[in-house]
Engineer: 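My structure is below; once you've seen it, I'll send some questions.
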Amino acid sequence: MSRDPVARGARQSRTGISDLWQAWWQHHRTSASDSLGRLADTPLQTLMTALVVAIALALPATLLLALENLRQLGDRWDSKPQMTVFLHKQVQAAAIEGFQAQLRQMVGVSSVEYISPERALREFQAQSGFSEAIAALDVNPLPPAVVVTPTAEAIAPERFEQLRQQIAASPLVDDISVDMEWVRRLNAIMTFGRQLVLGFAALLGIGVLFVIGNTIRLEIESRREEIVVIKLVGGTNGFVRRPFLYTGFWYGVIGGLLACLLVSVGVASLAEAVRQLAASYQSTFELQGLGLTGCALLIICCVTLGLLGAWLTVGRHLSAIEPR
Amino acid sequence: MIEFHNVSKRYPNGYEALAGVTFDVGEGEMVFLTGHSGAGKSTLMKLIMLIERPSQGQVVVGGHNLNRLRSSQIPFHRRQVGVVFQNHQLLFDRSVFDNVALPLQIAGYPHREIGRRVRAALDKVGLLDHERANPITLSGGEQQRVGIARAVVNKPPVLLADEPTGNLDPDLAADIMRLFSEFNQVGVTVLIASHDWSLIRSVGARVLTLEHGQLIHDGALV
């Protein structure tokens, strides 16, 4: 039957488009507040479900945050790959001068910096915290070294390796240490870690869908009578679905806020320890929290999962409830 | 207003509830539907409300062939048919007012209009001073009247009632019947399933009698 009033019989009332729009909007508002009210009626149960959502998302969020912090730590070196060329201790100053000139001629070398054993010892003394032990030494154990910074083109792994072998060929060279190696490995590990965490997050997300779905299924069961009556007096599926979707939405919002809180508390409790650890390495590194964007993303994820869980469950169970 | 053309209903378990039923209830008519329990009265009502679909034949309500309605159109059909249930089907988690307001909220009436119409309907059934009460605190007769108010609040052209006086004493039953007559007088097509013979006789309307799913009588009660 159409929505048009039937021609005769009892006087039919008309509901205009703007009335329908207002009523639709009104029902959204009442559904949202009713759903929230129902959740508030059973605070403990609501908190438990929201906490499951929060923990399930706070875990991968924390791991991603940890990886992000590691990446930032890596970035501090990432931009300037260098190699430190250690020379034999017996090499004379004149030979070192010549070696430096030779290095500067090489293709792929951007700059060369000589670090004398004395300078190295001073810096080591100042930074390492072993100053007293070092002061007790009779002879300077440190070899002369040259720090070579490659040009932008020579940063590529193969060119870099070529350059390293070229320099290592010199009889003056004892050893070459490449600062970059661990950064590269770290990056590889983090790419792997990131994928691992995302896979882990996907699994937990599916878990959240089931938890929300199950909670909503129980609510549908307890409101079966109401659903039947609404269908009997002409309620559409959308009308029936709406309050349950809002329930899922609110679980998402509360779970998301709790997840932000959990992660933030975790970051705050670690921040001081990390700062001290960084300070002992002469670093000003500070632990990065979620930030506003991170919190927003986390809440959006939770809300999406909440809505999706509700949608899937409601779709599956509502069709089974028909007036008989 | 309500037409049945050779309608049969066989349930999946093989039980044949209606067999070749044909009748036509005109607009603004008031008709009683009688028969023993199991004769097919409830099934007939369910076919009109599209809770069930016929196995065979056509049901036409308000000029619309119900066989041609898609499931998505069923809610809009049900808004044209007010139903009073024997067991009231009231919701005890909300007030009398909210129970009666439900069809209007669903149909998307504006807020002020809902208040006005709900109070008019409650006034009609004599329960205006109970609008804030929970229906569970009301007597059986009062609950039935709340059900009637909900069935007529959006002024449907068709009103169905399934044993509306089943659990009421004779005085209350007569009151309820008077209400249905009043709705009928303003043009509503009314179909009442009942086996309260004395009451039917007192109203003196047309009677359809079902037996084992077949229509065995159509006319005034003899």
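Fair warning: this is a prediction, and the values are worked out from it, not measured in the lab. In what follows, every heavy atom counts, from backbone to side chain, and hydrogens, waters and symmetry copies are set aside. Note on naming: letters A, B, ... go to the chains in the order of the sequence lines (proteins, then strands), and numbering restarts at 1 for each one.
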Engineer: Determine whether A:T30 and B:Q105 make a side-chain contact, defined as any pair of heavy atoms from C-beta on separated by less than 4.5 Å.
Structural biologist: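 A:T30 vs B:Q105: side chains apart.
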Engineer: Please check if the number of heavy atoms outside B:F92 that lie under 6.0 Å from its CZ is greater than 12.
Structural biologist: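 Yes, the 6.0 Å shell around CZ holds more than 12 heavy atoms from other groups.
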Engineer: Of the backbone (N, CA, C, O) and the side chain (C-beta and beyond), which part of B:F85 lies under 4.5 Å from a heavy atom of chain A, both, or neither?
Structural biologist: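 Side chain only.
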Engineer: Report, in residue-number order, which members of residues 34-55 of chain A are under 4.5 Å from chain B by heavy-atom distance.
Structural biologist: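 The residues closer than 4.5 Å to chain B, in numerical order, are A:R38.
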Engineer: Taking everything shown except A:R194 itself, do over 12 heavy atoms lie less than 6.0 Å from its CZ?
Structural biologist: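 No, the 6.0 Å shell around CZ holds no more than 12 heavy atoms from other groups.
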Engineer: Is it true that, when you exclude A:H28 itself, more than 12 heavy atoms of the residues, nucleotides or ligands shown sit nearer than 6.0 Å to its NE2?
Structural biologist: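 Yes, the 6.0 Å shell around NE2 holds more than 12 heavy atoms from other groups.
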Engineer: Is any side-chain heavy atom of A:T236 closer than 4.5 Å to a side-chain heavy atom of B:R79?
Structural biologist: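 Side-chain contact under 4.5 Å: yes.
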Engineer: Heavy-atom distance under 4.5 Å to chain A: side chain of B:N65, backbone, both or neither?
Structural biologist: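 Answer is neither: B:N65 stays 4.5 Å or more from chain A.
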Engineer: Can you tell me which portion of B:R150 sits under 4.5 Å from chain A's heavy atoms? Options are side chain, backbone, both or neither.
Structural biologist: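 Answer is side chain: those atoms of B:R150 sit under 4.5 Å from chain A.
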Engineer: Taking B:R94, B:R68, B:M49 one by one, which has the highest count of heavy-atom pairs under 4.5 Å against chain A?
Structural biologist: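 Max contact count across the listed options: B:R94.
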Engineer: How long is the straight-line distance from CZ of A:R223 back to CG of B:L91, given to the nearest 0.5 Å?
Structural biologist: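 It is 10.0 Å, given to the nearest 0.5 Å.
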Engineer: Where is the tightest heavy-atom contact between B:Q89 and A:V229, given as atom of each residue plus distance?
Structural biologist: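 In this case the closest contact between B:Q89 and A:V229 is O-CG2, 3.4 Å.
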Engineer: Can you tell me which portion of B:I74 sits under 4.5 Å from chain A's heavy atoms? Options are side chain, backbone, both or neither.
Structural biologist: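 It is neither, since no heavy atom gets under 4.5 Å.
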Engineer: Just wondering, more than 12 heavy atoms not from A:H27 lying within 6.0 Å of its NE2?
Structural biologist: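 Correct, the count exceeds 12.
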Engineer: Would you say A:E225 has more than 12 foreign heavy atoms packed within less than 6.0 Å of its CD?
Structural biologist: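 12 or below, so no.
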Engineer: Would you compute the distance between atom NZ of A:K231 and atom CD1 of B:I51 and round it to the nearest 0.5 angstrom?
Structural biologist: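 Answer rounded to 0.5 Å: 11.5 Å.
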